[in-house]
Amino acid sequence: GNRTMSGGGDKLSVILPLGIMMLWLGIVSLFMHVVRQSNIVAALIIGLIVGGSGLDDLMQLEEEIKITFIELGNVLVLFFAGLSTDWSSLSTYRREIWLISIIQFTSYIGIFAGIGYGIHVAHNAVSCLYFGLACTMSSTVIVKNYLGYWGEETQLHGKLLYGVMVLQDTLAAISFVIIEAFKRIKQGSIQIDVFEQNVPMSELFYMDRAGFEIGRAIGIMFALLAILFVLKRSDILDKVFRYFRKEEEMLFIGAMAYNFGISALCQLVGFSPFAGAYFAGLNLSFLATRTHIESKISSLRAFGMTNFYFMLGVYVQLDGPSFGRLIPWSIMLAAIVSFGMPMIWFFFTRYMGLKGRTRFFIACTNNSMGEFSLIIQNLCFNAHIFDRDIHIVLLFASIITMIITPITQHLKYPVYRYLGSWYTMDKESADSVLRDHEFTCADHVVLLGLNEVGKEIADFFHSKGKEVAMIDLDPELHRALLKQYTENKGKRFKSDMCDGGDNENLRSASAFVSGSASPERAVQREGSSANSNGHDRVERAASAANSVSSGTGGRSFRGSGLSSLSGRSALFGASRKGFPFLFAKYTLPVGTNILPIYSDPQKPIIWRRYGMDKALLVVSCLEEHDMTGLRKFCHDNDVPFISTADRKSRVKHTIDLEADYVVHDHFLAARRLQHLLKAQINVEKEKMFEAEGKEHLRMLVEETKCRHRKRIAEI
C-alpha cells in the first residue's frame with residue numbers, strides 16, 4: 001500500500017519510529033543524568049538495541065528513513081559545530097595550540113593507524129589512515145560541556161582545548177572532502193563481506209580516477225572558502241542576518257536556509273555537503289549576531305544530534321557473533337584512547353613549556369572519541385573505506401570512551417592534588433629562577449594569578465621598590481610580563497600612577513569593600529585568640545590594603561557596569577584640572593624588583609618554594625577557585641591575605657574564609673563613579689565629562705602604543 005505520514009495508510013513512515021525512539025530516550029536519559037553520563041551514549045545504545053534485536057522492523061523503520069535521519073543529523077551537527085567555533089583562543093595562544101595540535105594529530109594518527117593494521121581490522125593504506133583519524137577526533141560537545149560544568153573555560157587548559165577543538169573539527173571537515181572523493185570512485189557492485197580481509201583497493205575503487213577526484217574536491221573546497229570569505233568581508237551576511245533577527249521565526253528560517261542551501265549547492269557540484277555545512281556554520285561564527293543565532297535555534301542542534309546517534313546505532317545492525325568477536329578490540333582501543341595516549345601525551349609534552357597542571361587537565365579532558373569520529377566512521381563505511389568490522393570496533397570504542405570521560409572528569413581534581421608533586425618544578429629549578437633574577441624571598445609581595453587589579457597592585461609596589469613575585473600558569477602572559485619587567489633591565493619606562501590629592505572617599509570605600517573586613521572588624525575577629533603576632537598581621541594587612549586602595553584603588557576594566565566611563569576614567573577620574581586626583585609620571589626601573597614566575601599558583605609546594613610563608617603580603621587573583629587551603633596557609637604562617645572578587649557572592653564567601661581584605665572591583669567602581677559625579681554635577685551641561693573622556697581616550701591610546709602592555713591587556 002501507499003505510505004502515509006499518519007492515519008489512513010498501511011505504514012507510518014516517520015511518526016511511529018520517531019515517537020518510540022523519543023519515548024525510550026526520555027526514559028533512559030533520566031538514568032544517564034543520575035549517573036552523570038552523556039545522552040549521546042544513551043541514544044547510541046538504544047539504537048544498537050533496536051537494530052540488533054530487529055525492533056526496527058516492528059517500528060517500520062525503513063532503510064531510506066535511517067539514511068535520511070543520519071544525513072539530516074550530520075548536516076545539523078556540523079553546522080552548529082562550525083557556528084560555535086571560538087577563534088579568540090586560537091589567536092591568543094596560537095603558538096601553544098598549533099604545537100599541541102600537531103603533536104596530537106601526528107602521533108595519534110600514526111599510532112592508531114599502526115594499531116588498526118596490527119589487529120587486522122584495517123587492511124589498506126586509506127582505511128588505516130582514517131582508522132587513526134577516527135581514533136584521534138575527541139568529542140567537542142563533551143569537552144565544552146565539562147569545561148563549562150567546572151567553570152574552566154577561562155583557565156589556560158580550557159582556552160587551549162577550545163583552540164585545539166577548532167583545529168580538530170576543521171581537520172575533520174577537510175577529511176570529509178577526501179571521503180566524498182572516494183565515494184565518487186567506489187565500485188558500486190562490490191559488497192564488502194564482514195569476514196573478508198585484505199581486499200585490494202583496486203577492487204574497491206577506480207584508482208585511476210582517484211587523483212583527479214581528490215584534486216577536484218580540494219579545488220572546490222578552496223573556491224567555496226574564497227566565496228565565504230568574500231561574503232564575510234563584504235558585510236553582506238551581517239546585514240542580512242541583522243534583518244533576519246527581527247523575528248525568531250525569520251532567524252530560524254534564515255539560518256537553516258543558509259545551512260541547507262550551502263549543503264545542497266555543494267552536493268550539486270559533487271562536493272561533500274557535510275563539509276559545506278561545517279564551513280557554512282564557520283562562516284556565520286564571525287558575525288556579530290552569532291550568539292543570538294545560537295541561543296535561538298540551539299534546540300534544533302539537540303534534536304539533530306539525538307536523531308543522528310540513534311539512527312547510527314540502528315544502521316549498524318549489530319549481531320551477537322560480531323559483538324562477541326569484536327568487543328575485545330573495542331575495549332583495548334578505548335583503554336588506549338582514554339588512558340594510554342593521554343599518559344604518553346602528558347609526559348612527552350613537558351618539553352613544550354606547559355606546566356604539569358595544564359597538561360594534566362588537558363589529558364583528562366581530551367580523552368574520548370566523539371561526534372566527529374562517529375561521522376567519519378559512518379561516511380567511511382558508506383564510501384567502502386571501512387568494512388563492517390572496522391565500523392563496529394570504532395563505534396563501541398567511541399561509546400566506551402564517552403562513558404569513561406565523565407568518570408575521569410570527576411576524579412581529576414582529587415588525583416591532581418594527590419599526585420601533583422610528581423611533575424611540579426623541582427627545588428633546584430625554583431632556586432635557579434630566584435638566583436638568576438637576584439630575587440629575595442623575604443618580606444616580599446606575592447601575587448597568585450593576575451587580573452587588572454593584580455596588575456595595579458604589582459605596579460604600585462613596583463613604584464615603592466618592593467619585590468613582587470607574580471605567579472601565573474599562562475605561558476603567553478608570562479612571556480609578556482617578562483618582556484615588560486625583566487628583558488629591558490636597567491632601562492626606564494613611564495607609568496601612570498595616582499598620587500596625592502584627596503583620597504578620603506576612596507579610602508572609606510575600600511575600607512569596607514562591600515562589607516569586607518575593615519581593620520577594626522579584622523582586629524575584632526582576631527580578638528578571641530589575640531596575640532601580638534596576630535594583631536601585627538592584621539595591622540599589616542590593613543596598612544597594605546589602604547596603600548593599595550589609595551595608590552591604585554580598585555581599578556578594573558572588567559564588568560564595572562560603565563560603558564562610557566570605564567577603565568582609568570571610571571576609577572580614578574581622567575582630568576588633572578577638574579579632579580582632585582593628580583596623575584604623576586613616575587620613572588620606574590624595569591626588571592629590578594618584579595619577578596614573573598611561570599608555575600601553578602594553586603599548589604602549596606609552589607607557595608613554599610617561593611617563600612610565601614615569609615611574605616609581607618599575599619594577594620590572590622584566583623577569583624573562581626577554592627581558597628580554603630590558601631587562607632589556612634597564610635593564617636598558619638602569619639601572612640596578611642588579600643583577595644580580589646568581582647561578585648557579591650564571592651565577596652561574602654571570601655569574608656567567610658576570614659580574608660584580611662577583599663578588593664571588590666564593582667563596589668570600588670561604583671564608589672569612584674559617585675565621586676566623579678559629585679565633581680561634575682556643577683559643571684556646565686555642554687562640558688560635563690568632556691575633559692574626562694578626552695583624557696581617558698588619550699590614556700588608552702598611550703597604553704596601546706606599548707606593545708608589551710598591549711599584549712598583557714589582550715591576554
Side-chain angles (χ1 to χ4, degrees), residues 41 44-45 48 51-52 103-139 171-172 175 178-179 182 190-205 312-313 315-345 348 363 366-405:
V41 177
L44 281 169
I45 292 176
L48 287 168
I103 291 175
Q104 178 178 328
F105 297 159
T106 55
S107 60
Y108 277 40
I109 291 174
I111 291 172
F112 284 114
I115 291 174
Y117 185 78
I119 63 177
H120 304 296
V121 294
H123 313 302
N124 55 60
V126 178
S127 63
C128 285
L129 177 64
Y130 273 97
F131 184 91
L133 187 63
C135 294
T136 303
M137 296 290 116
S138 297
S139 173
L171 175 63
S175 75
I178 310 300
I179 294 173
F182 275 98
I190 294 293
Q191 296 295 326
I192 306 177
D193 188 79
V194 68
F195 300 111
E196 189 176 358
Q197 297 182 0
N198 300 320
V199 180
M201 291 187 64
S202 58
E203 295 183 14
L204 299 174
F205 307 102
L312 186 61
Y315 189 67
V316 173
Q317 295 289 297
L318 183 67
D319 60 89
S322 296
F323 177 80
R325 181 169 53 87
L326 299 173
I327 193 63
W329 296 123
S330 297
I331 294 173
M332 181 203 73
L333 196 63
I336 295 173
V337 171
S338 297
F339 302 110
M341 294 306 295
M343 290 177 63
I344 295 173
W345 186 92
F348 277 95
N366 193 21
N367 64 339
S368 63
M369 296 164 57
E371 60 279 0
F372 276 88
S373 176
L374 293 169
I375 293 172
I376 289 174
Q377 296 167 32
N378 176 254
L379 295 180
C380 286
F381 181 61
N382 290 331
H384 289 179
I385 295 174
F386 287 172
D387 61 19
R388 188 164 171 268
D389 281 9
I390 301 178
H391 194 11
I392 292 174
V393 168
L394 290 174
L395 180 60
F396 275 98
S398 301
I399 293 174
I400 296 170
T401 60
M402 285 189 282
I403 293 174
I404 292 174
T405 297

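Numbering of residues begins at 1 and proceeds along the displayed sequence. Scope of the values below: all heavy atoms of this structure, side chains included, with no hydrogens, waters or symmetry mates. Since the structure is predicted, the reported quantities are computational estimates derived from the model, not experimental observations.
Scanning all heavy atoms of the two residues, the minimum distance from A383 to F205 falls at O-CE2, 3.2 Å. Residues S330 and F396 come closest through the heavy atom pair OG-CB, 3.4 Å.
Remark: M402 CE to I400 CD1 distance equals 10.5 Å, nearest 0.5 Å. Rounded to the nearest 0.5 angstrom, L44 CG and L48 CG are separated by 6.5 Å. Taken from CG in N382 to NE2 in H391, the straight-line distance is 7.5 Å, to the nearest 0.5 Å. With values rounded to the nearest 0.5 angstrom, T136 atom OG1 is found 10.0 Å from F131 atom CZ. In this structure, OG in S398 is found 13.5 Å from CZ in F372, a value given to the nearest 0.5 Å. Atom CG of L395 is separated from atom CE of M369 by 9.0 Å, given to the nearest 0.5 angstrom.
Partners of E371 by side chain to side chain donor-acceptor pair (under 3.5 Å), not counting sequence neighbours, listed by chain and number: S139. Scanning for side chain to side chain contact (heavy atoms under 4.5 Å, CB included) contacts around L133 gives I109, Y130, M137, L171, S175, I376, with sequence neighbours left out.
Using a distance-only test at 3.5 Å, with no hydrogens or angles considered, a donor-acceptor pair links the side chain of S127 to the main chain of N124. One N or O on the side chain of S373 and one on the backbone of A134 form a donor-acceptor pair closer than 3.5 Å. Using a distance-only test at 3.5 Å, with no hydrogens or angles considered, a donor-acceptor pair links the side chain of R388 to the main chain of Q317. Judged by distance alone, with hydrogens and angles left aside, the side-chain atoms of N378 form no donor-acceptor pair with the main-chain N or O of F381 at under 3.5 Å.
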Applying side-chain contact (heavy atoms from CB on, under 4.5 Å), run through S368 and I404 and close with a yes or a no.
CA-CA 8 Å; S368 63; I404 292 174; over 6 Å; no
(request) Before giving the answer on side-chain contact (heavy atoms from CB on, under 4.5 Å), spell out for L394 and F386 the whole-Å C-alpha distance, their side-chain angles and the decisive distance to 0.1 Å. (result) CA-CA 10 Å; L394 290 174; F386 287 172; 3.4 Å; yes
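Ring orientation note: the planes of H120 and Y117 are tilted relative to one another, at an angle of 30° to 60°.
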Considering only distance and modelled atom types, tabulate donor-acceptor pairs under 3.5 Å from the side chains of residues 332-342, sequence neighbours left out.
{"residue": "S338", "atom": "OG", "partner": "A334", "partner atom": "O", "Å": "3.1"}

